[in-house]
Amino acid sequence: MHVTLTHYLIASAILFSFGLFAVMARRNAIMVLMGIELILNSANINFIAFAHYGGMHLDGQMAAIFVIILAACEAAVALAIVLNIYQQFNTVNVDEVDTLKD
Amino acid sequence: MTPDTTLQLTDYLFYFFALLAILSGGVVVFSRNIVHSAFSLMFTLFAVAGLYVLLNADFLAVTQILVYVGGILVLILFGVMLTNKIVDVQIKTGNIHILPASIITAIIAGTLCGVFTLTDWFVVPDAGAPVAKSTASHIGEALITNYVLPFEVASVVLLVAMIGAAMIARREKKK
Amino acid sequence: MTQEFLLQLSLAVLLLPLLSFVVIIFFGRRLPRQGDLFGTAILGVDLLASLTILFSKLNFFNDVVPNFTFTWVDFHTLVPSATKMADFPLKLDIGIMIDNVTAVMLVVVTLISFLVHVFSTVYMHDDIRYSRYYAYLSFFSFSMLGIVLANNFWLIYVFWELVGISSYLLIGHWYEKKSAADAGKKAFIVNRVGDLGMFIGIMIVWANFHTMTFDGIFSAIAAGQIPFQSDAWMTAAGILIFCGAIGKSAQFPLHVWLPDAMEGPTPVSALIHAATMVAAGVYLVARVFPMFTADALTFIAYIGAITAFMAATIAIAQNDIKKVLAYSTVSQLGYMVMGLGVGAYTAGFFHLATHAAFKAGLFLASGSVIYAMHGALHHQNDHHTDAQDIRNMGGLKKKMPVTFWAFVMFTLAISGVPLTSGFLSKDQILAGTLAFSDLTGHTLIPILGFGAAALTAFYMFRLVILTFLGEHKDPTRLEHLHESPKPMIIPLIVLASLSFFVFYSFNPLTPADGWFYHAIERPVTVVPASLASASSEVFEEAMHHEHTTAMYLSLTVASLGILFAFLTYYWKKISADAFASALAPVHKFLLNKWYFDELYHATAVAGTIGFSRLLAWFDNTFIDGIVNGTARWTLALTLGVKKNWEVEDHAKGMVEDHAKGMVEDHAKGMEGKREAMAYLFFAALLSVYVGWAAGNAALSGAGIGIAIGKGILGLIVAGGTFFLLHAGVGGFDNKVVDGTVNLTAYLAGFFGLMLRKVQTGRIQSYILFVLIGVMVLFFLFKL
């Protein structure tokens, strides 16, 4: 079938769902992070696909660039937090880190 | 106007990259070995970069490879190596409330796909075809004209994130 | 050679020192000789490039002004829909331009900077922060060239602050010394005062013309636009912009920082605080000259004249060789500003160029003397004698001939002796002041100008005589004094030769035929004719008329000054001490620099500190008072309530004890009284009721039986009430009131426990709930 906008959107939707699942169900904090990266990538695909097919060429790409920048920041800070958690609790499983609950 | 039903090279490329992205994305999420996940993520990111190229975003594709594969993925691998006892069997990671998560994910995926297919998107008539022209110079221009403020703010955010990450990850001295 | 090439070359001139700064600050310690040769070589290349620019500008592009402008930011497109923005484009154009003034300044800056670099290789050789020193020198050169090349206020302001910070860093180079650190701060803060005015001036211009480029502003004014349609605003804008020059060029009210800035290394004083940075203010005035109104120019002329005279009087009484030169610099800057203010544009700018050469030379020569003195004193293990105090010098002529002759050359130039560059420029400025007073009647300005000229000749020759001539009080002290090494005296020779007239004009009496006067012409003013000062032609005519008078007058006052200096300090016909004691109040006044520091200390500094104290007091008394008062009242309230509780508990306990029949005697004392009161009260109530009931029945004519019955009923009712009151209140409190409270607490706990089961503490469960909620909402609104 000829590739249209919808194809890109559905590919991104599937990636998004995968990422969501990882965020919800995986216990390892780093897996959660990877899920977030998947979600951001799917959002980027949407940005660029809409820009490409909607005729607003650069604006979508600019948004994607800033998403990538923020993803880099987020990955750095999040991994720093994960390392810190690991030092504190000797685990990176998010469900075991619930000190605030008590 | 009769739609051109013959598949072109770009269509094949799209299917290849999309399939690669989805398959390796699946491995990322469902693999029980976190190292496998991390390496599989690399393929996903490459495939997404391929999709960018098909969408005429060559600069972004290169950025994706440089930043994600070169930076974030390496960072994630470091995280994996630093926080898992590789000599033990700890490297496998489990899931929690897998059933409700699966159900809600399926519902969301279904809803999204439904919305995407059913909506009548506004599409510029001749937008589908790739243009053989680099976007790098245009993006550079846009970054120092229309987008100069977000650009500067982003640079500050990067700086803050860098300092913050260094501060947080700093090992406290044991008393 | 094209204009583009010229622009690219000037960009290279601008950016090469920046490159040198980056390289030296990051890799300086690893470079051979800590990177000094690298910095010096870069400046050498810069100098050659600047000479090329000057040469080709004068010969090939004399009538065109190469200009390169681009839009740096354009906020207009960020808010495309904002209709308000339509007539106010938020657009910033910046760029560079090369007119003749710029070309001359480029050469001046790079030449002095290069010579100072060479000089410093020896002078600063043993410094602990040698590498950083060179980095800062390069950074300063970069910033200064930026000011020179900029074609708009925005860029000028940016580089203006950059030279400020490099000046701060270099004054405080020896920051271990408290006086040096303080001098740096003082320079920085005093400059901020001037920069504030300049900033407001720029904002006035920007708010009215929506452009920062000089071309744009000038053409807007020429087209009849005036800030806020008011002549006063036009003048105010000019004076406010001039405030920046007052700060940077150390003019009258804000000159106090420059003498203190001599705490920095002497080559820095030569480069920044004598030749280039302090001239930036003069350059700024020259740059925006067309937009000054006649009133603003008169203001400028007065500021310059006052500065020139005041600083010259202070210089007479100073004993530190660098302090004398510092006040001399302030005075000469006043000359330049005065020259520009009276309209002698070319003369004022010409004096900037000639002064840069001979004043930098004076500072470098004094550096050479200080270096030699340090060496000699160090050799004798004397670390207490001040190597900069001219009272410890004398007779250095024989020991340091090259330095001496160079110093004499510079002194002749600054005193305005014929055949020197200083004569050419100073004479023209003085002629300009005479012409100005002829045209406008401001006679005070030429009086101050000529007075300052006489004083200049006097204190400069005093300096020469005390330092180099005569005999040293103790010749043994000078045994180990010797001439400075070559890298220090070669710059002196270069600058000394540049102080001859031939470099500027072949006619030793007037510069009007020289290349400089052909290159630099007074720009045509753009302000409306009703506000403008005398036009160029009228002024030239008047100046021509006064030229001979000015020459004779200035020669006379200069010779008088020199004569008095020799009479006093060389032939000792006049005793300086006797003179000083005869005029003791004046001498003290001058020695203390007109008490400016004390004045500012008493007003601005003390005012700031007093205001801070007031704020601190307000904070301590009111803000803290409110906070502490709240705390205290809460505490008092709490304590009071607590006391009541204690009483209640006590009473309750008593009642229980009573019921159990375990009444203690001492408890009875207090409680018994209260109970007795209660019984008495109820007894009284009872008797009243019984009496009322009985009376009522009797009056109504009923039988006595009914009356007794009513009385018994009343007794029962009263007794029951009393019993209920006595025994039941505790029960009501315990059961009903406490019960309600407990029920509330129980319910809260119950629901809390229920909710707590949902709260797993696992963040992922929350995400799950959120997503479920999102989906529910989606389908709710979809369907």
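What you see below is based on every heavy atom in this structure, not just the backbone, and it leaves out hydrogens, waters and symmetry mates. Convention: sequence-line order gives letters A, B, ...; per-chain numbering from 1.
A side-chain contact (heavy atoms from CB on, under 4.5 Å) with A/Phe21 holds for exactly one of B/Ile98, B/Ile104, B/Ile108; it is B/Ile98.
With a 4.5 angstrom heavy-atom cutoff, B/Leu45 touches chain A only via side-chain atoms. Heavy atoms closer than 4.5 Å to chain B are found in the side chain of A/Phe66, but not in its backbone. Contact of B/Phe59 with chain A is made through the side chain alone, with heavy-atom distances under 4.5 Å. Residue A/Leu79 touches chain B through its side chain alone, counting heavy-atom pairs closer than 4.5 Å. Only the side chain of A/Leu15 comes within contact range of chain B, with at least one heavy atom under 4.5 Å from a heavy atom of that chain. If you measure heavy-atom distances from A/Ala71 to chain B, the contacts under 4.5 Å come from both the backbone and the side chain. Interface residue B/Phe30: backbone and side-chain heavy atoms are both found under 4.5 Å from chain A. With a 4.5 angstrom heavy-atom cutoff, B/Ser37 touches chain A via backbone and side-chain atoms both. Residue B/Leu41 touches chain A through its side chain alone, counting heavy-atom pairs closer than 4.5 Å. With a 4.5 Å cut-off on non-hydrogen atoms, B/Phe116 touches chain A through its backbone and its side chain both. With a 4.5 angstrom heavy-atom cutoff, B/Ala38 touches chain A via backbone and side-chain atoms both. For a residue to count as touching a neighbouring chain, one of its non-hydrogen atoms must lie under 4.5 Å from one of that chain's; by this rule A/Ile14 touches chain B with the side chain only. A/Leu38 touches chain B through its side chain: at least one heavy atom from C-beta onward sits under 4.5 Å away, while N, CA, C and O do not.
Contact between B/Ser24 and B/Ala21 at its shortest, heavy atoms only, is OG-O, 3.4 Å. Closest heavy-atom contact between B/Cys113 and A/Ala13: SG-CB, 4.3 Å. Residue B/Ala161 comes nearest to A/Cys73 through the heavy atom pair CB-CB, 3.6 Å, listed as atom of the first residue, atom of the second, then distance.
Under the 3.5 Å distance criterion, the side-chain polar atoms of A/Gln61 are matched with a main-chain donor or acceptor of B/Asn56. Put simply, the side chain of B/Ser31 gets close to the backbone of B/Asn33: a donor and an acceptor are under 3.5 Å apart. Formation of a donor-acceptor pair under 3.5 Å by the B/Ser40 side chain with backbone atoms of B/His36 is not found in this model. A donor-acceptor pair is defined here as one N or O able to donate and one able to accept, closer than 3.5 Å; no such pair exists between the side chain of B/Asp58 and the backbone of B/Val53.
The most heavy-atom pairs under 4.5 Å with chain B, out of A/Asn44, A/Leu33, A/Ile81, A/Leu70, come from A/Asn44. Most heavy-atom pairs under 4.5 Å with chain B: of the set A/Val77, A/Leu83, A/Ile48, this distinction falls to A/Ile48. Contact count against chain A (heavy-atom pairs under 4.5 Å) is highest for B/Ile72 among B/Leu112, B/Ile72, B/Leu51, B/Val28. Among B/Leu143, B/Ile139, B/Val67, the residue making the largest number of heavy-atom pairs under 4.5 Å with chain A is B/Ile139. Across B/Leu73, B/Val29, B/Thr105, the residue that shares the most heavy-atom pairs under 4.5 angstrom with chain A is B/Val29. When each of B/Ser102, B/Ala106, B/Gly164 is checked for heavy-atom pairs under 4.5 Å with chain A, B/Ser102 comes out on top. No other option in A/Leu20, A/Ile45, A/Ile10 has as many heavy-atom pairs under 4.5 Å with chain B as A/Ile45.
Remark: the A/Asn41 side chain and the B/Thr44 side chain contain no N/O donor-acceptor pair separated by less than 3.5 Å. A/Thr4 and A/His7 share a donor-acceptor pair across their side chains, judged by distance under 3.5 Å alone.
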Verdict with reasoning, A/Phe50 to A/Tyr8, per ring-ring contact (aromatic ring centres under 6.0 Å, His included): CA-CA 9 Å; A/Phe50 277 125; A/Tyr8 284 100; over 10 Å; no

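Taking the side chain as every heavy atom from C-beta outward, B/Met162 and B/Leu158 never approach each other to under 4.5 Å.
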